Undergrad: 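This is the structure I have questions about; it appears just below.
Heavy atoms only: backbone and side chains are in, while hydrogens, waters and symmetry mates are out. Everything numeric here is computed off the predicted structure, so don't read it as measured data.
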Amino acid sequence: MTRRVRVARAAVLLALLSGCALPDVPTERSGAEAGAPPGSAASHLPPHRRWGLPSPLPAAPSPRRHVSRPADGLPPVLDHVPTPHDVVFLTYDDGAEKDPRFVDMVRELRLPVSMFLTDSVAGPGYGHFARLRSVGASVQNHTLDHAALRGLPYTGQRAEICGQQDKLRARFGVRPHLFRPPYGTYDTTTRRAAGDCGIAAIVLWRATMHADDLTFTKGPARLRPGDIVSVPSTETPSPMLRERTTRLLRRVQEAGLTVGRLEDYL
């Protein structure tokens, strides 16, 4: 309890004892209610300033789906989305990090993010991801146990993918239509199993956001329209997920881009 609140509550007690009218009593705000510490000057700033961005993120244009199934009828594999729009797509893996302030960040910035969840990692904390869904994040499939799928028999791959489809449907009431194979490894059997589990597209990435900067799997070392960006879980507590996201969003803005909702384009 802050000194200001203690003083105010003492004034209330004195007013009650003296029969005077009650003064206005300030209330403490939870740290989860704002992007800046409660009571600080920064808490009164616009959302983009509270989260360390120089300007607001422009809304993404109305999406146009340009991705269709390949000739073999199996789900396509994508590390970027062919689009004329100046957008990139933010994707988060595993579900190991459950930073409660990240929920506030997604809500206040209206940030369209996709969470690719592994049951053995995210399962004990699905309530956190329910809160993220309630503020606009989407939940997608990243297998039951984070197994490397390439080379596994069909039954094993199907169990990993369909099993997580069932888990997510039971927890959130939806069956994802996007799937990310652990470690980015897959084969034709993966595509076949994913399609049989109701997956529309297999999502890889061209850029990865690490603690301090981006790396790229191929092509120029800069963000381009349509890039899918992976933000993997880390084993260290710092920098936290929201801090890495702020650094990523600054890079997005420096490139003259904004963030689109992946599910609207695929």
Undergrad: First locate atom CE of Met105, then atom CE of Met240, and finally report the distance between them rounded to the nearest 0.5 Å.
TA: 12.0 Å
Undergrad: Against the six-membered ring of Phe89, is Arg261 placed for a cation-pi contact (under 6.0 Å from the centre, within 45° of the normal)?
TA: no
Undergrad: Treat each ILVMFWY residue as a node, draw an edge where side-chain heavy atoms are under 4.5 Å apart, and state whether Leu262 and Leu204 are in one component.
TA: yes
Undergrad: What verdict does the side-chain contact (heavy atoms from CB on, under 4.5 Å) test give for Thr258 and Val88, after you've listed the backbone C-alpha separation in whole Å, the side-chain angles of each residue and the deciding distance to 0.1 Å?
TA: CA-CA 6 Å; Thr258 191; Val88 295; over 6 Å; no
Undergrad: Quick one: are Leu257 and Pro225 in side-chain contact, heavy atoms under 4.5 Å?
TA: yes
Undergrad: Would you kindly say whether His142 and Asp94 are connected by a side-chain donor-acceptor distance under 3.5 Å?
TA: yes
Undergrad: Would Asp79 and Arg206 pass as an ion pair if we require N to O under 4.0 Å?
TA: no
Undergrad: Under 6.0 Å between ring centres, would you say that holds for Tyr183 and His146?
TA: yes
Undergrad: Are the side chains of Arg158 and Asp196 in touch, meaning some heavy atoms are under 4.5 Å apart?
TA: yes
Undergrad: Can Arg180 and Thr91 be said to form a side-chain hydrogen bond (donor to acceptor under 3.5 Å, both in side chains), step by step?
TA: CA-CA 10 Å; Arg180 171 164 287 166; Thr91 64; 2.9 Å; yes
Undergrad: Measure the spacing between CD1 of Ile199 and CD of Gln164 and express it to the nearest 0.5 Å.
TA: 10.0 Å
Undergrad: To the nearest 0.5 Å, tell me how far Asp227 CG sits from Leu90 CG.
TA: 11.0 Å
Undergrad: Got a donor-acceptor contact below 3.5 angstrom from the Thr118 side chain to the Ser120 backbone?
TA: no
Undergrad: Trp205 and Val121: same hydrophobic cluster, using ILVMFWY side-chain contacts below 4.5 Å?
TA: no
Undergrad: For residues Gly52 and Thr246, report the shortest heavy-atom separation together with the two atoms involved.
TA: O-CG2, 4.0 Å
Undergrad: Determine the minimum heavy-atom distance between Ala60 and Gly260, stating which atoms define it.
TA: CB-CA, 3.9 Å
Undergrad: Contact between Phe116 and Ser114 at the side-chain level, heavy atoms closer than 4.5 Å - yes or no?
TA: yes
Undergrad: Do the charged groups of Arg175 and Asp166 touch, with an N to O distance under 4.0 Å?
TA: yes
Undergrad: Would you indicate whether the side-chain heavy atoms of Leu266 and Val203 approach each other to under 4.5 Å?
TA: yes
Undergrad: Would you compute the distance between atom CD1 of Ile161 and atom CG of Leu144 and round it to the nearest 0.5 angstrom?
TA: 10.0 Å
Undergrad: Going by heavy atoms in the side chains, are Thr189 and Leu152 under 4.5 Å from each other?
TA: no
Undergrad: Distance-only, no hydrogens or angles: does the Gln140 side chain make a donor-acceptor pair with backbone N or O of Met115 under 3.5 Å?
TA: no
Undergrad: So do Val229 and Thr208 actually touch side chain to side chain, heavy atoms under 4.5 Å?
TA: no
Undergrad: Between the main-chain N or O of Asp145 and the side-chain N or O of Glu160, is there a donor-acceptor pair closer than 3.5 Å?
TA: yes
Undergrad: I need the minimum non-hydrogen distance between Asp86 and Gly256, along with the two atoms involved.
TA: CB-O, 4.0 Å
Undergrad: So Thr143 and Leu149, side-chain contact (heavy atoms from CB on, under 4.5 Å) or not? Walk me through it.
TA: CA-CA 9 Å; Thr143 71; Leu149 298 180; 4.2 Å; yes
Undergrad: Under 3.5 Å, is there a donor-acceptor pair between the side chain of Arg50 and the main chain of Leu45?
TA: yes
Undergrad: Quick one: are Leu249 and Leu57 in side-chain contact, heavy atoms under 4.5 Å?
TA: yes
Undergrad: Kindly check if the number of other-residue, nucleotide or ligand heavy atoms within 6.0 Å of NZ (Lys98) is above 12?
TA: yes
Undergrad: Looking at Ser233 and Gly95, what are the two nearest heavy atoms and their distance?
TA: OG-N, 4.0 Å
Undergrad: Nearest heavy-atom pair of Pro75 and Pro70: which atoms, and what distance?
TA: C-CD, 4.2 Å
Undergrad: Linking I/L/V/M/F/W/Y whenever their side-chain heavy atoms sit closer than 4.5 Å, directly or via other members, would Val135 and Tyr92 fall into one cluster?
TA: yes
Undergrad: Salt bridge or not for Asp99 and Arg242, using N-O below 4.0 Å?
TA: yes
Undergrad: Should Val174 and Leu132 be counted in the same cluster of Ile, Leu, Val, Met, Phe, Trp and Tyr side chains packed under 4.5 Å apart?
TA: yes
Undergrad: Honestly curious: do Leu74 and Ile202 fall in one hydrophobic cluster under the side-chain, below-4.5 Å linking rule?
TA: no
Undergrad: Between Gln157 and Asp187, does the side-chain hydrogen bond (donor to acceptor under 3.5 Å, both in side chains) criterion hold? Intermediate values first, please.
TA: CA-CA 10 Å; Gln157 297 206 37; Asp187 54 20; 3.2 Å; yes
Undergrad: Could you walk me through whether Ser55 and His48 pass side-chain hydrogen bond (donor to acceptor under 3.5 Å, both in side chains), step by step?
TA: CA-CA 6 Å; Ser55 59; His48 70 277; over 6 Å; no
Undergrad: Nearest 0.5 angstrom please: Glu254 CD to Arg222 CZ, how far?
TA: 14.0 Å
Undergrad: Is a side-chain donor-acceptor pair under 3.5 Å present for Glu263 with Ser138?
TA: yes
Undergrad: Of the non-hydrogen atoms in Pro181 and Tyr186, which two are nearest, and what is the gap between them?
TA: CG-CB, 4.3 Å
Undergrad: A side-chain contact here means heavy atoms from C-beta on lying under 4.5 Å apart; do Pro176 and Gln165 qualify?
TA: yes
Undergrad: Can Arg171 be said to sit on top of Tyr126's aromatic six-ring, NZ or CZ under 6.0 Å from centre and within 45° of the ring axis?
TA: no
Undergrad: Test salt bridge (charged side-chain N to carboxylate O under 4.0 Å, His left out) on Arg244 and Glu97; report intermediate values, then the result.
TA: CA-CA 12 Å; Arg244 300 202 309 278; Glu97 294 183 82; 2.7 Å; yes
Undergrad: Would you compute the distance between atom OG1 of Thr245 and atom CH2 of Trp51 and round it to the nearest 0.5 angstrom?
TA: 9.5 Å
